[in-house]
Every structure is written in C-alpha cells, then in structure tokens.
There are 2 protein chains.
Amino acid sequence: MSKNEARPDPRIGRTRGLLRQALMALATEKRFGSLSIQEVTRRAGLNRSTFYLHYSGLHELLEDCARELFGQMRESIYQCPARPDLPSPERYEPYVRRVFDHLQEHEAFYRAMLGKRGDSYFRALFQEMLTELIFEPMRDDAPGSPHGSQLELAKRFYSAGFAGIATWWLENGRPISAGEASRQITRDLLPDYLRLLDI
Amino acid sequence: MSKNEARPDPRIGRTRGLLRQALMALATEKRFGSLSIQEVTRRAGLNRSTFYLHYSGLHELLEDCARELFGQMRESIYQCPARPDLPSPERYEPYVRRVFDHLQEHEAFYRAMLGKRGDSYFRALFQEMLTELIFEPMRDDAPGSPHGSQLELAKRFYSAGFAGIATWWLENGRPISAGEASRQITRDLLPDYLRLLDI
DNA sequence: CGGCTTTTCAACACGGTGATGGTTATCTGT
DNA sequence: ACAGATAACCATCACCGTGTTGAAAAGCCG
C-alpha cells in the first residue's frame, strides 16, 4: 500500500507551472482584470485550448498561484523557531518578519495584486492566510479569549489592518525596511490585539 | 459675475443618473468584473454609444457612483453635532455610527463591491473616504501626533481595519446591530488609535 | 514497442469593444 | 415660439476574446 498513489503525469505539473508563471509575470505588467486567457497561454507558450483542460477561468489559475505562494509562507513560518522565553508581543515578531520578507521576495506581484488595480479575491485570500498563520495562533495562546462576534470582529480588524499596511508598504516603495516594519507592528499594534484577547 | 455659471444641460445629469442607477443595480446581481458596458446601457434604457459620451469605461462610472455615495456620507457626518463634552473616544462614536447606518442603507451594493467578488478600486476609494472623514479629523484633534511613516502606518492600519470590519459585517448579514458595532469599535479599537497619536 | 493521456490545431458561433457619420430629439436664449 | 446648439440615438464597421468541438500529433509509462 506504499506505492498505491499513481504518480501524476509530469506534463500536468509542467503545464500548470508555466501558466502560473505566465500569469504572475503578466500581472506585474498590466491590471489583472484586463488580462485574457489568450494572453496568458501565449506568454506560457501553450495552446489556448490547453488552458481549459486545467482551469475554468483566470481566477481559478490565480487561486493556484495564491496556493503556491501561501504554501511557501506557511513553510517559512512553520520552520521559524518558537520563542516562549520572550514576552508575549515580542514572541511573535519573527513571524511578522517572515511575512514582510516574503512580500519583498515577490514584491512586484504582490504590489500589483494588492493595490488599487489589483484583485479583490486575491486580497481576501491573502487576508485569510494572515488570519490562519498569524492571528489564529495568537488567539490559541490566549487562555480566556472572547467569544462569538467580538472575537470575529477583532480578528477581521487586525488581519485587514495588517493587509492594509502590507499594501501601503509595497505601494510606496517600502519606505521603511522589513525589519523596521515588523518592529513597529510588534511594538505598537500587536499588544492591543493581545490585550483584546485577554478580556 | 453672479450668473456666470452656465446651467448644465439637464439631459447630462439625467443620463448619468440612469447609468449610475443601472450599474448599482447590476452590481448586486452579478460580479462587477463580469459586467459589460452593453449590459449597463441596456438596463439603463440608453443607447450603448451614449455611454462613451460620458465615460471611457465602467471604472469611471463606478468612480462616479462612489463620489455620489461618499458625498452623502460626508454630508451626513458634517451635520452630525460635535460633542466636545464627551471624553475622547466616545466623542467620535456618532461619526462611526453614521458610517454603519450608511452602509446599511445601501447594503446590497456595498456587500457586493467590498466582498470577495467586489472591486479593488472601489475598496481603495472607500478606505480613502474613511481616512478623510474619520481618521484624519481625529489626527487633527491630537496635539503632538507622530510624523512621517509612523503616522501613515497607523492611519492605513486603522482605515483598512475599519473597512475590513465593514466587509465582515455585510458579508455575514449584520450579525450585530449598527449601534452595537459602533459601540464596540469606539470602546475597543478607537482608544488604541488615539493613544498611538498622542505619543 | 503499445496503450493511454496530454497537448495541439483549425474551425465554429457568439458577444463585447470602440469608433464612425448621419439622423432625431431635447434644451436654451432671445 | 423659434433657431441654433447640443445631446441622444442608430446602423455599421473591423477587431478581439470566448468557450467548445473533433481529430491529429506528441509525450509518458509499463
């Protein structure tokens, strides 16, 4: 039962990779909403009809791109050493730092997708990822966190705010370093969130 | 020099009003990104070519819709009586309340435009409006607010967070009342912003 | 090699785009 | 109320992207 998993056809992975690559390149060159399937497949060097064998539309392909990027994020954060020796807010600074490093690594794409000319769906996925990787774990560390709508409101506020800062940071050509941004957020914003959870 | 302003042709206002109305209705029925100029003009009962006499694309019309809505917001807040007798955070609760009332009044449209299937540009405009009507004025009331990137970061965080809450509120069918939402925000979130400004 | 899957290719009908020029309808100032 | 101005209408144009089809070519695997 070890080899039960039939190896997937390598052509599938290759094709989808080329499509993701093409989409991410084109998204940095023009508004996502004005891209066409034709354009993406041309850039990928593939036939237009091949696209439909894998996705039903550009948003599905975009979702795939997000999955890949956020997977990298997740791994980067998981292998980040926990620091229970530090006081509450400072403990989380490395995680915040990883997010900014990741944004910087894929700067052009994130700037394009999170900005005014970006995509609402991608922004929502990005925010959900932040909730899952940053704000849910912090909640779990709090003993008596609030319940129901109050908790939901807090999580939404802080993940949306974080995404807003990320957007501002990229749109303005990173006016402060990734480290400085992480420090300011950890010092000025996170304590308030933690205090909110400890009600 | 009093009558120097030539009265604008009433047909223009009427036509643009019909187009705005049609767009706002259609946006609640299907994803904004999939709307066509043809569809909007059909719904408005106008000829397709008329559209191009006023706008160069759907986003320009959308901008017009935003201008109208945010103008209503602005008026509603301006005629809101100032309460300098109340302590800092509570003083602003009526303003927050007006925002939620306005969202509720145009609930379907805002839910459609701010949600996952909404439009990035509209969200950006909405956030800028919040900054201008809520968070800039609060900054002006603070004597020694921080400067440069630190202030920008705080404003972005809180306006984005506020927009995030508004989106959550609409997406989930208003799990709490407008009054309750305003109260929670004023009590739990605004004090932190004011504290940040008073550094 | 042989059987299977993926990719390619040409063709199709359909719908939206942006722009043209000419006609009709509506508004404004006198 | 009329004449000129301006806005809206309409038919038409070439162009591009869509989503789907069926059959041929290429690639993968045992």
Side-chain angles (χ1 to χ4, degrees), chain A residues 1-65 68 112 117 119 121, chain B residues 1-65 68 112 117 119 121:
Chain A
M1 52 190 66
S2 63
K3 256 311 184 43
N4 207 353
E5 25 184 86
R7 223 180 312 164
D9 197 315
R11 286 172 289 183
I12 295 180
R14 188 187 69 102
T15 296
R16 296 190 182 173
L18 288 170
L19 288 173
R20 283 195 299 264
Q21 204 175 324
L23 181 74
M24 291 180 64
L26 283 169
T28 69
E29 295 168 21
K30 47 188 296 195
R31 128 179 234 102
F32 174 80
S34 75
L35 292 180
S36 64
I37 292 173
Q38 197 151 217
E39 235 171 328
V40 174
T41 52
R42 257 202 290 265
R43 174 68 65 100
L46 296 170
N47 192 282
R48 184 170 65 90
S49 65
T50 303
F51 181 93
Y52 297 99
L53 298 173
H54 299 273
Y55 307 103
S56 72
L58 283 179
H59 270 93
E60 230 169 75
L61 172 56
L62 177 63
E63 213 174 326
D64 221 4
C65 293
E68 196 193 23
R117 344 195 51 168
D119 182 77
Y121 184 54
Chain B
M1 56 191 66
S2 62
K3 256 309 188 38
N4 207 353
E5 23 183 271
R7 222 180 312 159
D9 197 315
R11 287 172 289 185
I12 295 179
R14 189 186 68 101
T15 296
R16 295 189 184 175
L18 288 170
L19 287 172
R20 283 196 300 266
Q21 205 176 325
L23 181 74
M24 290 179 64
L26 282 168
T28 69
E29 296 169 19
K30 46 187 295 197
R31 127 178 236 101
F32 174 80
S34 75
L35 292 181
S36 64
I37 292 173
Q38 199 151 216
E39 234 170 331
V40 173
T41 53
R42 256 202 291 264
R43 173 69 65 101
L46 296 170
N47 192 282
R48 184 169 68 90
S49 66
T50 303
F51 181 92
Y52 297 100
L53 298 174
H54 299 274
Y55 308 102
S56 72
L58 283 180
H59 270 92
E60 232 169 75
L61 173 57
L62 178 63
E63 213 175 327
D64 220 4
C65 294
E68 197 195 23
R117 344 196 51 167
D119 181 76
Y121 184 55

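To find a chain, count down the sequence lines: A is the first, B the second, and so on, and within it residues start at 1.
Going from atom CE of M24(B) over to atom CG of D64(B) covers 11.0 Å, rounded to the nearest 0.5 Å. Put simply, CG on L23(A) and OG1 on T41(A) are 11.5 Å apart, with the number rounded to the nearest 0.5 Å. L18(B) CG to R43(B) CZ: the interatomic distance, rounded to the nearest 0.5 Å, is 12.5 Å. Put simply, CG on N47(A) and CD on Q38(A) are 10.0 Å apart, with the number rounded to the nearest 0.5 Å. With rounding to the nearest 0.5 angstrom, the OG1 atom of T50(B) is 12.0 Å from the CD1 atom of I37(B). Rounded to the nearest 0.5 angstrom, H54(B) NE2 and E60(B) CD are separated by 12.0 Å.
Interface limits on DNA chain D: the 5'-most and 3'-most nucleotides within less than 4.0 Å of chain A heavy atoms are dG17(D) to dC29(D).
The minimum heavy-atom distance between E39(B) and S34(B), with the atom names listed, is OE1-O, 4.0 Å. Heavy-atom minimum distance, L58(B) versus S36(B): CD1-C, 4.1 Å.
Within 6.0 Å of atom CD in E29(B), more than 12 heavy atoms from other residues, nucleotides or ligands are found, so the atom counts as buried in its surroundings. The number of heavy-atom neighbours closer than 6.0 Å to CZ of R31(A), taken from other residues, nucleotides and ligands shown, is above 12.
By the salt bridge (charged side-chain N to carboxylate O under 4.0 Å, His left out) test, R11(A) is found to be paired with D9(A), residues two or more places apart in sequence or in another chain being considered.
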Quiz prompt | Stepwise side chain to side chain contact (heavy atoms under 4.5 Å, CB included) check, E63(B) with Y55(B) | solution = CA-CA 10 Å; E63(B) 213 175 327; Y55(B) 308 102; over 6 Å; no
| said: Does R16(B) form a side chain to side chain contact (heavy atoms under 4.5 Å, CB included) with E68(B)? I'd like the steps, not just the answer. | reply: CA-CA 11 Å; R16(B) 295 189 184 175; E68(B) 197 195 23; over 6 Å; no
Readout for nucleotides 19-30 of chain C: B = base within 4.0 Å of protein heavy atom, S = sugar-phosphate only, - = neither; 5' to 3' it is B-----BBSS--
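Separating the OH atom of Y55(B) from the P atom of dG18(C) is a distance of 16 Å, rounded to the nearest angstrom.
An end-to-end axis angle of 40° holds for the helix from dC1(C)-dG30(D) to dT30(C)-dA1(D), taken from five base pairs per end and rounded to 10°.
Taken residue by residue, residues 28-43 of chain B places no heavy atom nearer than 4.0 Å to DNA chain D. The stretch residues 12-21 of chain B touches DNA chain D through I12(B), T15(B), each having a heavy atom under 4.0 angstrom from the strand.
For the pair T28(B) (side chain) and A25(B) (backbone), a donor-acceptor distance under 3.5 Å is present.
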